[in-house]
Amino acid sequence: MGLIVQKFGGTSVANIDCIRRAARRVQAAVADGHQVVVVVSAMAGTTNQLLAWCQDVMPPAPQPDTDAALSNAASTPIDADADANADAVVASGEQVTCGLMALALQQLGVPARSWQGWQLPIITTDSFSKAKIVSIQTDALLQDLATGRVAVIAGFQGVAPDGRITTLGRGGSDLSAVALAAALHADRCDIYTDVDGVYTVDPRIVARASKLAEVTYEEMLEMASAGAKVLQTRSVAVAMKCDVPLQVLSSFTDSPGTFVVKDKNLMEHQVVTGLTYTRDEAKVTLFNVPDTPGIAANIFGPLAAAQINVDMIVQSVSPNGKSTDMTFTVAKGDLARSVTALQAIQGQIGFEKLLSDAEVVKVSVIGVGMRSHAGVAATMFAALADKGINIQVISTSEIKISVLIAEAYLELALRTLHTAYGLDADEIDVTGDKIS
Ligand code: ADP
Ligand code: ASP
Ligand code: MG
């Protein structure tokens, strides 16, 4: 018995039947003697619809296409009012499910109260659409829980210091749940979703994906930031920092989920824990860039000034000591702006030609075992070469290796690597240990 946070994602509250099913899980936890705080997402598809409506009313501002516009890019005032008004629209999806879930609980005889982010309040920064949680006031919530009511809280939203509604970035209900669990010192934070745990790879892409009994915070953080959207990246960072006991499980089945843990016994686990991918990368290559000190700053400085993040970077060896090719990736949504920005300063940088390619994907292999085992990268490169898949860019961190490949090869690459690292379902038992 204790205090648990149960979070239900979009597909788990997609319609009234789903909401009733989720409410029965809450009812069971209450019957077991727990105090329960429920966090809900909007119904599946709702947030996309709300965002689309905002864009219909107010299309994004035209991109800068001149030198002058570009050099002003960093200081161009962002229309904060528009962003704040859009957040008021987008946050409404969670308001609906929050009220419906509280009603469904009442129907089951479980006393419940709905809470919007501003009612607690969950105070955030005023960076609308990607706000950060600053603090959560729990006094009123705890008082209400003490009366025996379940608290149903709208995920994904908070309130800025000036009283305006904010949202926390896509997938942000995970963050709401984990932050509440941390603030309330909850005994557990259960993330209910449409898969029954964290798998070695997205089970919707690779049929032989294996469910992991446990994954470390560190691995989950790398997996989430490299594309595994089963948990939002920032939610994992907060869980890791605040030691929130976290579990991912299905709202549709009763199978055991995946625990996100601090450490695991490395002897018993695979060197590679999982594979991830992201389609949100686009590649830019600048040919024949003068190979002189400061050239990287000349290229990436203006991109940073235009708020464009660069991910992977590779610079080829200069064949003549005078010029080199520079390849890097940016978010797909930033590609057009990046190309415009660089073309505007072509003369200044002195490159000969720019080519871009949006039909690429980044595939990553992740595992804390990489620290103590050699050969993980070699296995990856050999397996991809064997299938004739060309690696365009490589980047590494202590527990992750990422490669950029043509989008057409995504599924083949994931299946091939999954087998190469011995992760296929029939080779792993439910504890995540290798059988053969
Ligand atoms: P929710 O709406 O419940 O927040 P999401 O759609 O955000 O659910 O996340 C669940 C989805 O994450 C799954 O349907 C699955 O396709 C995807 N996913 C990606 N990588 C993984 C992984 N390694 N393990 C499990 N699911 C994954
Ligand atoms: N509804 C929001 C989204 O679709 C938040 C969430 O589901 O976690 O991104
Ligand atoms: Mg999600």
Side-chain angles (χ1 to χ4, degrees), residues 6-14 18 21-22 39-52 86-87 89-98 117 129-131 153-158 166-180 189-215 219-236 247-253 255 257-258 260 272-280 363-367 410 414 417-418 423 425 432:
Q6 297 185 319
K7 179 258 172 176
F8 295 94
T11 39
S12 303
V13 292
C18 289
R21 182 184 297 118
V39 175
V40 285
S41 291
M43 290 178 174
T46 298
T47 307
N48 287 346
Q49 176 64 77
L50 294 168
L51 280 167
D87 266 8
V89 175
V90 176
S92 68
E94 274 71 10
Q95 177 161 350
V96 172
T97 44
C98 167
S129 82
K130 47 184 177 306
I153 299 173
F156 183 50
Q157 56 170 262
T166 54
T167 63
L168 307 177
R170 297 308 304 267
S173 297
D174 293 339
L175 177 60
S176 310
V178 170
L180 276 156
C189 180
D190 290 341
I191 306 286
Y192 284 95
T193 183
D194 56 1
V195 285
D196 58 1
V198 179
Y199 278 71
T200 45
V201 64
D202 188 342
R204 301 194 190 284
I205 304 270
V206 178
R208 296 172 81 190
S210 322
K211 187 165 63 178
L212 298 163
E214 52 183 33
V215 59
E219 288 170 327
M220 195 61 239
L221 193 59
E222 289 277 17
M223 285 177 76
S225 69
K229 69 164 190 163
V230 62
L231 283 175
Q232 190 227 28
T233 309
R234 276 162 57 206
S235 74
V236 185
Q247 189 184 187
V248 177
L249 62 180
S250 166
S251 67
F252 299 93
T253 70
S255 44
T258 299
V260 188
V272 167
T273 301
L275 312 176
T276 60
Y277 69 95
T278 171
R279 296 179 196 272
D280 188 32
V363 171
S364 307
V365 302
I366 289 141
L410 172 62
L414 287 176
L417 294 172
H418 203 260
L423 298 174

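These numbers were taken from a predicted model, which means no experiment stands behind them. As the structure lists them, so they are numbered: ligands from 1, and atoms in each ligand from 1.
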- Message: Whether the side chain of Q157 engages the backbone of T167 through a donor-acceptor N/O pair (distance < 3.5 Å, no angle test) should be reported.
- Response: no
- Between Q247 and D190, a side-chain donor and acceptor under 3.5 Å: yes
- Residues D174, K229: salt bridge by 4.0 Å N-O rule: no
- Atom CG in D87, atom CG in L168: separation rounded to 0.5 Å? 9.0 Å
- Message: Minimum heavy-atom separation for T11 and F252, please, with both atom names.
- Response: O-CZ, 3.3 Å
- Query: Are a donor atom and an acceptor atom from the side chains of E219 and T273 found within less than 3.5 Å of each other?
  - Reply: yes
- Task: Among all protein heavy atoms, pick out the one at the shortest distance from atom 25 (C) of ligand 1; state its residue, atom name and that distance to 0.1 Å.
- Result: G197 O, 3.4 Å
- Message: Quiz question: by atom type and distance under 3.5 Å, do the side chains of D196 and T253 form a donor-acceptor pair?
- Response: no
- Query: Strictly under 4.0 Å, does any heavy atom of G10 approach an atom of ligand 2?
  - Reply: no
- Can you check whether A22's main-chain N or O pairs, donor with acceptor, with S251's side chain at less than 3.5 Å? no
- Message: Keeping S41 on the side-chain end and S173 on the backbone end, is there a donor-acceptor pair under 3.5 Å?
- Response: no
- Note on the structure: protein heavy-atom neighbour closest to atom 24 (N) of ligand 1 works out as Y199 N, 2.9 Å
- of all protein heavy atoms, closest to atom 7 (O) of ligand 1 is K229 O, 3.4 Å
- Message: Restricting to non-hydrogen atoms, name the atom on A42 and the atom on G93 that form the minimum distance, rounded to 0.1 Å.
- Response: CB-C, 3.5 Å
- Item | Nearest protein heavy atom with distance in Å, relative to atom 16 (O) of ligand 1 | D202 OD1, 2.9 Å
- Would you give the length of the straight line joining atom OG1 of T233 to atom CZ of R170, rounded to the nearest 0.5 angstrom? 14.0 Å
- Option whose closest heavy atom lies nearest to atom 8 (O) of ligand 1, chosen from D174, T193, V248: T193
- Message: Give the atom numbers and elements of ligand 1 that come within less than 4.0 Å of a heavy atom of R204.
- Response: 13 (C), 14 (O), 15 (C), 16 (O)
- For atom 4 (O) of ligand 1, what's the nearest protein heavy atom and its distance? K7 NZ, 3.2 Å
- Query: Is it true that Q232 lies under 4.0 Å from ligand 2, counting heavy atoms only?
  - Reply: no
- Atoms of ligand 2 close to S41 [distance to a heavy atom under 4.0 angstrom, numbered from 1]: 6 (C), 7 (O), 8 (O)
- Task: Would you confirm whether T193, through its side chain, and G9, through its main-chain N or O, come within 3.5 Å as a donor-acceptor pair?
- Result: no
- Message: Suppose I only count heavy atoms of V198 and a 4.0 Å limit; which atoms of ligand 1 are within that range?
- Response: 24 (N)
- Message: Regarding atom 13 (C) of ligand 1: of the candidates D194, L275, V230, which has the closest heavy atom?
- Response: D194
- Query: Can you tell which part of P203 has a heavy atom less than 4.0 Å from ligand 1: side chain, backbone, both or neither?
  - Reply: side chain
- Task: Measure I191 to ligand 1 on non-hydrogen atoms and call it side chain, backbone, both or neither using the 4.0 Å cut-off.
- Result: neither
- So, is G171 polar-close to ligand 2, with some N/O to N/O distance under 3.5 Å? yes
- Quick one: nearest non-hydrogen protein atom to atom 2 (O) of ligand 1, plus distance? G10 N, 3.1 Å
- Just jot down the ligand 2 atoms closer than 4.0 angstrom to any heavy atom of T47, in number order. 1 (N), 2 (C), 3 (C), 4 (O)
- Find the distance between CD1 (I153) and OG (S176) and round it off to the nearest 0.5 Å. 9.0 Å
- Closer than 4.0 angstrom: is that true for some heavy atom of G274 and an atom of ligand 1? no
- Task: Ignoring angles and geometry beyond distance, decide whether R170 reaches within less than 3.5 Å of ligand 2 through its nitrogen or oxygen atoms.
- Result: yes
- Query: Is D174 close to ligand 2, meaning an N/O of one under 3.5 Å from an N/O of the other?
  - Reply: no
- Note on the structure: The atoms of ligand 1 lying under 4.0 Å from a heavy atom of V201, numbered in the order shown, are 23 (N)
- Task: Heavy-atom contacts with A228 under 4.0 Å: which atoms of ligand 1 show up? List them by number with element.
- Result: 20 (N)
